[in-house]
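Residue numbers run from 1 in the order of the sequence given. These numbers come from a predicted model, not from an experiment.
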Amino acid sequence: MTGMESYVERPPVRELAGVVRTVWIQRTGAAAYVQRHLPTGGVEIHFPIGGQPQLVGPLTGPVVEVIPAHTTIVGARFLPGAAPPLPTVLDDLVDQRVGLADLWRRSADRLVETMALAGEPERALVVLQAHLLQEFRATEMDPLVGEAVRALMPWQPVNIDSLANYLALSASQLRRRCLHAVGVSPKVLQRTLRFQGFLALAQAGAAASGRLGADGMAGLAVDVGYADQAHLSRECLRLTGLTPRQLLGGSVDRCACGHEHSASYEPFLATRGALLIPA
């Protein structure tokens with residue numbers, strides 16, 4: 001391992017594209033690394049090579065973690081509503097980190113052994129994705145929740161009651177199904193996905209549309225559905241603990257951590273412009 005911290009993110013294998021948003025390999029160097037985890041609407045698996053894997057439940061706010069020096073982590077970030085098979089509903093795991101051994105039992109033990117034998121992180125990532133493919137073959141996702149998640153993407157403002165009617169559900173039924181399958185209510189998910197939309201545009205270096213005469217960060221805020229830049233700043237502080245400029249390092253085309261996140265945001269941006277709920 002080199003003495004430099006590194007983070008390499010990429011799309012999952014094609015067969016997992018409908019449930020996994022991105023996979024990655026992170027290496028810390030000679031010093032510990034302070035990682036700020038942000039809400040994405042989905043759960044994550046963090047698999048430190050030589051250590052015990054954890055499932056990070058849906059986050060509603062920032063979580064700061066200090067990753068020890070000389071650590072290699074293989075990870076997978078799931079799309080909202082597409083968590084791996086679990087013995088509990090997701091609203092029981094909100095803002096929690098749980099050992100996979102507590103959730104998958106012997107299956108987790110076998111995976112730990114196989115990952116350790118993989119040798120290289122790249123091979124370990126192949127092993128992890130192959131395991132997830134096997135797990136998802138026996139799992140059925142809630143199709144109505146999946147449709148709700150697509151509709152709650154930020155590119156088309158959607159009223160929650162209208163969405164429930166469109167799905168032929170009551171508002172309480174939609175809320176209950178989202179809590180079980182996503183971990184948070186439709187409204188909380190909508191706010192999270194709207195902020196993810198802003199980060200996606202920023203990471204892609206997108207130019208603002210110029211609506212309302214706004215440009216730069218203010219323009220992107222309006223484009224993604226915020227009333228104005230002040231609205232974005234309040235939500236950014238709530239979800240990340242930082243202002244937008246602190247988070248982005250004073251720029252709207254990169255993350256201050258220096259990591260490249262385009263693979264994570266490509267499938268997110270692919271929904272932009274799609275009319276998901278009839279007007």
Side-chain angles (χ1 to χ4, degrees), residues 7-12 20-24 26 34-44 46 56 58-65 75-82 95 149-158 182-184 187-209 211 214-274:
Y7 178 88
V8 178
E9 186 175 271
R10 67 191 59 166
V20 174
R21 178 170 163 181
T22 187
V23 296
W24 73 87
Q26 183 172 10
V34 179
Q35 177 73 51
R36 183 178 296 266
H37 301 290
L38 307 181
T40 64
V43 303
E44 299 184 359
H46 294 184
V56 179
L59 298 180
T60 59
V63 174
V64 176
E65 175 190 11
R77 179 175 298 121
F78 293 82
L79 294 167
D95 294 323
V149 170
R150 287 189 290 273
L152 291 172
M153 286 293 182
W155 321 120
Q156 178 191 351
V158 173
V182 181
V184 297
K187 190 63 179 178
V188 171
L189 178 62
Q190 186 178 45
R191 293 172 72 177
T192 300
L193 293 178
R194 179 172 56 193
F195 185 70
Q196 286 287 299
F198 166 75
L199 292 181
L201 293 180
Q203 182 70 40
S209 67
R211 285 185 294 168
D215 57 12
M217 193 175 296
L220 293 184
V222 172
D223 286 350
V224 84
Y226 291 107
D228 50 31
Q229 187 169 350
H231 185 194
L232 163 66
S233 296
R234 290 193 299 272
E235 287 291 275
C236 185
L237 194 60
R238 181 180 70 85
L239 290 170
T240 75
L242 300 172
T243 67
R245 294 199 179 277
Q246 287 173 329
L247 182 67
L248 298 173
S251 173
V252 295
D253 62 358
R254 62 182 174 87
C255 175
C257 69
H259 294 162
E260 168 62 50
H261 299 293
S262 59
S264 181
Y265 291 122
E266 272 183 27
F268 206 87
L269 291 168
T271 66
R272 194 181 187 194

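Between the CD atom of Glu44 and the CZ atom of Phe78 there is a distance of 9.5 Å, given to the nearest 0.5 Å. Within the model, atoms CE of Met217 and CG of Leu248 stand 5.0 Å from one another, a figure rounded to the nearest 0.5 Å. Distance check, rounded to the nearest 0.5 Å: OG1 of Thr60 to CG of Asp95 gives 3.5 Å. Taking CZ of Phe198 as the start and CG of Leu239 as the end, the distance is 12.0 Å to the nearest 0.5 Å. Note: Leu193 CG to Leu152 CG = 6.5 Å, rounded to the nearest 0.5 Å. In this structure, the separation between CZ on Phe195 and CG on Leu232 is 6.5 Å, given to the nearest 0.5 Å.
Using a 4.5 Å heavy-atom threshold, the side chains of Leu201 and Leu269 count as touching. Side-chain atoms of Gln35 and His46, non-hydrogen and from C-beta on, never get closer than 4.5 Å to each other. Within the 4.5 Å cutoff, the side chain of Leu199 has no heavy atoms near those of the His261 side chain. Between Ser233 and Thr243, the closest side-chain pair of non-hydrogen atoms is not below 4.5 Å.
Side chain of Gln203 to main chain of Glu266: no donor-acceptor pair is present (N/O by atom type, distance under 3.5 Å, no hydrogens or angles). Checking side-chain atoms of Thr22 against main-chain N and O of Arg10 turns up a donor-acceptor pair under 3.5 Å. The backbone N or O of Gly75 sits nowhere less than 3.5 Å from a side-chain atom of Gln26 that would complete a donor-acceptor pair.
Closest approach of Pro58 to Gly183, counting heavy atoms only: CG-CA, 4.2 Å. Here the closest non-hydrogen pair linking Leu189 and Pro80 is CD1-CB, 4.1 Å. In this structure, Gly241 and Pro62 approach most closely via the heavy-atom pair N-CG, 3.7 Å. Looking at every heavy atom in both residues, Pro39 comes nearest to Leu59 through CB-O, 3.2 Å. When all heavy atoms are compared, the tightest approach of Ala221 to Gln229 is CB-CA, 4.3 Å.
Aromatic ring pairs are classed by plane angle as parallel below 30°, tilted from 30° to 60° and perpendicular above 60°; the pair His231 and Tyr226 is perpendicular.
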Please report the C-alpha distance between Val56 and Val63 in whole Å, then the side-chain angles of each, then the deciding distance to 0.1 Å, and finally whether the side chain to side chain contact (heavy atoms under 4.5 Å, CB included) criterion is met.
CA-CA 10 Å; Val56 179; Val63 174; over 6 Å; no
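A donor atom on one side chain and an acceptor atom on the other are found under 3.5 Å apart for Ser264 and Arg21.
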